Amino acid sequence: MLKHKGYIGSFFFDEKLNLFQGRVSNISYPITFQGKSLESTKQAFKDAIEEYLDWCKKYGKVPEKPSPIE
C-alpha cells in the first residue's frame with residue numbers, strides 16, 4: 001500500500017506486461033499508475049496524485065477528498 005497526501009494506492013505485478021500496475025483506492029475518480037520497478041511505481045503514484053491535484057486547480061475543480069481506510 002502506498003500513501004501520499006491522504007491518498008492510498010494499491011498495485012500488483014502484471015507478469016505478462018512485466019509491469020507493476022496500480023490505482024488510487026480511496027476515491028472514486030479513476031487515477032492509475034504503473035512502473036517497471038518498485039521505486040518507479042512509487043514515484044508514478046506520487047506523480048499521478050500531483051497531476052490530479054494540478055488538473056483540478058487548473059480547471060477550478062474541487063479535488064475528491066480521500067476517504068480514510070483502516
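Values in this document were obtained by computation on a predicted structure and should not be read as measured data.
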Checklist entry - Looking at side-chain heavy atoms only, is the closest gap between Thr41 and Gln34 below 4.5 Å? => result no

Checklist entry - Is there a side-chain contact between Tyr52 and Glu50 (heavy atoms, below 4.5 Å)? => result no

Checklist entry - With a 6.0 Å cut-off on ring centres, are Phe20 and Phe12 close enough? => result no

Checklist entry - Can you find a heavy atom in the side chain of Phe33 that is under 4.5 Å from one in the side chain of Leu2? => result yes

Checklist entry - If every non-hydrogen atom of Pro63 is compared with every non-hydrogen atom of Leu53, which pair is closest and at what distance? => result CB-CD2, 3.7 Å

Item to check | Closest non-hydrogen atom pair, Glu64 against Ser28 | outcome: OE2-N, 2.7 Å

Checklist entry - Yes or no on side chain to side chain donor-acceptor pair (under 3.5 Å) for Gln21 and Thr32, after CA distance, side-chain angles and deciding distance? => result CA-CA 8 Å; Gln21 295 192 0; Thr32 61; over 6 Å; no

Next on the checklist: With a 3.5 Å distance limit and no angle check, can you tell me whether Tyr7 reaches the backbone of Ile27 through a side-chain donor-acceptor pair?
Outcome noted: no

Checklist entry - Should His4 and Phe45 count as side-chain neighbours, where that means a heavy-atom distance under 4.5 Å? => result yes

Item to check | Arg23 side chain near Ile31 side chain, heavy-atom distance below 4.5 Å | outcome: no

Checklist entry - Got a donor-acceptor contact below 3.5 angstrom from the Asn26 side chain to the Gly6 backbone? => result yes

Item to check | Met1 and Ile8: CA distance, side-chain angles, deciding distance, side-chain contact (heavy atoms from CB on, under 4.5 Å) verdict | outcome: CA-CA 7 Å; Met1 180 168 49; Ile8 296 175; 3.3 Å; yes

Checklist entry - So how far is it from Gln43 CD to Leu38 CG, rounded to the nearest 0.5 Å? => result 13.5 Å

Item to check | side-chain contact (heavy atoms from CB on, under 4.5 Å) between Tyr59 and Asp54, intermediate numbers included | outcome: CA-CA 9 Å; Tyr59 293 101; Asp54 289 346; over 6 Å; no

